[in-house]
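Below is one structure; the comments refer to it alone.
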Amino acid sequence: EAMVMAHPFDGLVMIPNCDKVVPGMLMAALRLNIPTIFVSGGPMLAGRMEGKVIDLITVFEGVGAVKAGRITQKELKTMEDCACPGCGSCSGMYTANSMNCVTEALGLGLPGNGTILAVDAARRRLAKTAGMQIMHLVKKDIKPREIATLPAFKNALAVDMALGCSTNTVLHIPAIAHEAGIRFSLDDLARISKKTPLIADMKPGGRFLAKDLHVVGGVYNILRVLLERGALHGDCLTIFGTTLEEELADHPGADGEVVRKEPIMATGGLVVLKGNLAPDGALIKVAGLKNLKFTGRARVFDCEEDCAAVVAKRSYSEGEVLVIRYEGPKGGPGMREMLGVTALIYGQGMGEKVALLTDGRFSGATRGMMIGYVSPEAGTGGPLALVKDGDTIAIDARAGRLTLNISDAELAKRRKAWRAPKRERLSGALEKYAALVGPANLGAVTHSGGRKT
């Protein structure tokens with residue numbers, strides 16, 4: 001961004017790939033607002049082991065399986081050698097591929113941006129096409145904020161719901177919209193989720209990988225199905241200078257297997273939970289989840305490491321709700337990803353036998369009864385800071401409720417007595433970040449954003 005402003009460029013081709021680079025570049029593109037096109041590096045091929053498809057997440061969960069005595073160290077080493085056979089972003093619909101598909105749905109990436117394999121010659125052709133198309137955008141002076149409008153963000157969220165994308169997308173989309181002067185929150189996600197069906201059977205909740213989605217037509221097929229269902233704004237501008245509806249005219253719809261003709265679920269793959277424990281919302285991925293309700297007693301940890309140590313030793317019990325707090329945007333600071341803990345739990349065969357609740361983030365590969373992004377966070381004195389060992393917590397993903405089963409009077413008493421825990425002294429970028437960052441439900445942004453549109 002600083003280089004572009006200093007030189008100054010007439011247009012940009014952004015080349016991201018993995019998780020946070022994509023939203024970071026999208027935010028910069030909308031701040032700069034000069035003609036921009038995105039072309040990602042693409043997903044990697046999946047690995048194979050003993051005739052089964054595996055990937056990076058298989059290895060993470062394999063660590064838990066070793067600790068549980070379900071597989072041997074030798075088997076884990078074989079997994080490690082086979083899981084990532086080449087370059088590219090992780091092969092399932094995890095955060096990187098989710099965000100590259102969202103970029104395509106938003107209108108700032110070419111068709112295939114989210115799904116063409118990194119090693120496929122078509123990825124090179126996509127890059128060449130992007131180089132030509134950016135010249136047209138510069139000539140016509142079509143800027144990102146003309147494409148990434150409020151209806152376009154709604155389209156991107158609809159695709160997010162239909163694909164069962166990573167929970168991280170719901171942190172990133174409001175932050176990206178913020179740069180365009182558009183306010184998005186978990187409440188917007190909740191509304192769109194309720195009217196958008198889950199139609200793609202994608203890992204980690206389903207069976208298929210990014211390459212499989214590409215074979216049947218990619219993101220544009222998802223868009224076509226949603227348009228036919230009346231769940232899209234077809235008049236949005238694309239990077240071709242045409243409307244989305246015009247661009248979708250030649251694309252087939254559902255193939256019936258990867259992209260279902262009948263929804264897997266009537267609502268989206270991500271669900272917002274609210275209640276006295278998360279007044280501003282929390283998030284759970286329900287795609288692939290067998291049970292949508294869970295009630296258990298809290299086991300509270302004030303940092304990720306303390307919980308990870310207990311999980312590694314298997315010193316926890318079925319039916320517990322493991323609470324990891326003070327890991328939100330301000331409390332962390334930086335909102336760390338809990339993949340290590342969640343993968344251990346799942347690898348130990350406990351993915352839906354316990355629940356995990358945090359104001360931190362999850363990986364796009366996280367599955368099971370895992371609730372994150374709890375807002376307000378514990379670091380600002382949110383209700384999560386007031387939970388005690390033994391409290392009963394009720395999770396109802398069907399009704400969208402997250403409840404701490406104590407009285408309002410007891411909650412008020414605890415709030416009055418609460419004091420923020422002492423943390424290590426910060427300096428540099430983290431100190432600035434902790435001082436400026438806002439809540440997760442609004443994208444964990446650090447400044448006032450773009451002009452209102």
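Residue numbers count from 1 along this sequence.
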Taking salt bridge (charged side-chain N to carboxylate O under 4.0 Å, His left out) as the definition, give me every residue that meets it alongside Asp302, ordered by chain and number, with sequence neighbours left out.
Arg325
With sequence neighbours excluded, tell me which residues meet salt bridge (charged side-chain N to carboxylate O under 4.0 Å, His left out) with Arg336.
Glu304, Glu305, Glu327
Quick one: which residue pairs count as a side chain to side chain donor-acceptor pair (under 3.5 Å) with a foot in residues 100-119, not counting sequence neighbours?
Thr115-His214
Going by side chain to side chain donor-acceptor pair (under 3.5 Å), name the pairs with one or both residues in residues 428-443, residues two or more places apart or in two chains.
none
Give me each pair satisfying side chain to side chain donor-acceptor pair (under 3.5 Å) with a member in residues 53-64, each pair once, sequence neighbours excluded.
Asp55-Thr58, Asp55-Tyr94, Glu61-Arg367
For Tyr220, all residues meeting ring pair (Phe, Tyr, Trp, His ring centres under 6.0 Å), sequence neighbours excluded:
His251
Between Glu410 and Ser407 (side chain of the first, backbone of the second, donor and acceptor by atom type, cut-off under 3.5 Å), is there such a pair?
no
Check: Gly268 main-chain N/O paired with Thr196 side-chain donor or acceptor under 3.5 Å:
no
Mark yes when over 12 heavy atoms from residues, nucleotides or ligands other than Arg398 sit less than 6.0 Å from its CZ; otherwise mark no.
no
Residues two or more places apart in sequence or in another chain: which of them pass salt bridge (charged side-chain N to carboxylate O under 4.0 Å, His left out) with Asp81?
Lys77
List the residues meeting side chain to side chain donor-acceptor pair (under 3.5 Å) with Lys353, not counting sequence neighbours, and say none if there are none.
none
Would you mind listing every salt bridge (Lys or Arg N to Asp or Glu O under 4.0 Å) that reaches into residues 171-196, with sequence neighbours excluded?
Arg31-Glu179, Asp187-Lys274, Asp188-Arg191
Could you verify whether a donor N or O on one side chain and an acceptor N or O on the other, from Ser166 and Ser98, lie under 3.5 Å apart?
no
Lys/Arg N to Asp/Glu carboxylate O, Arg361 vs Glu337, below 4.0 Å
yes
Taking Lys330 for the side chain and Ala434 for the main chain, is one N or O donor matched with an acceptor at less than 3.5 Å?
yes
Give the ring-plane orientation class for Tyr373 versus Phe362, where under 30° counts as parallel, over 60° as perpendicular and anything between as tilted.
perpendicular
The side chain to side chain contact (heavy atoms under 4.5 Å, CB included) partner of Leu26 among Met99, Met14, His172 is Met99
Is the shortest distance from a Lys or Arg side-chain nitrogen in Arg260 or Asp201 to a carboxylate oxygen in the other one below 4.0 Å?
yes
Side-chain heavy-atom pair Thr295, Ile393 within 4.5 angstrom cut-off:
no
Quick one about Ser40 and Arg123 (side-chain donor to acceptor, distance below 3.5 Å, no hydrogens or angles considered), yes or no?
yes
Could you pull out the closest heavy-atom pair between Pro263 and Ile199, with the gap in Å?
CA-CG2, 4.2 Å
Contacts of type side-chain contact (heavy atoms from CB on, under 4.5 Å), residue Ala440, not counting sequence neighbours
Leu171, Pro329, Met335, Ser375
With heavy-atom distances below 4.5 Å as the criterion, would you say the side chains of Ile182 and Phe184 are in contact?
yes
Between Ile71 and Gly62, what is the shortest heavy-atom contact and its length?
CD1-O, 3.7 Å
Set of salt bridge (charged side-chain N to carboxylate O under 4.0 Å, His left out) partners for Asp391, sequence neighbours left out
Arg414
Heavy-atom closest pair (Ala298 atom, Val323 atom, distance to 0.1 Å) is CB-CG2, 4.2 Å
Who pairs with Leu436 by side-chain contact (heavy atoms from CB on, under 4.5 Å), at least two apart in sequence or on another chain?
Thr446
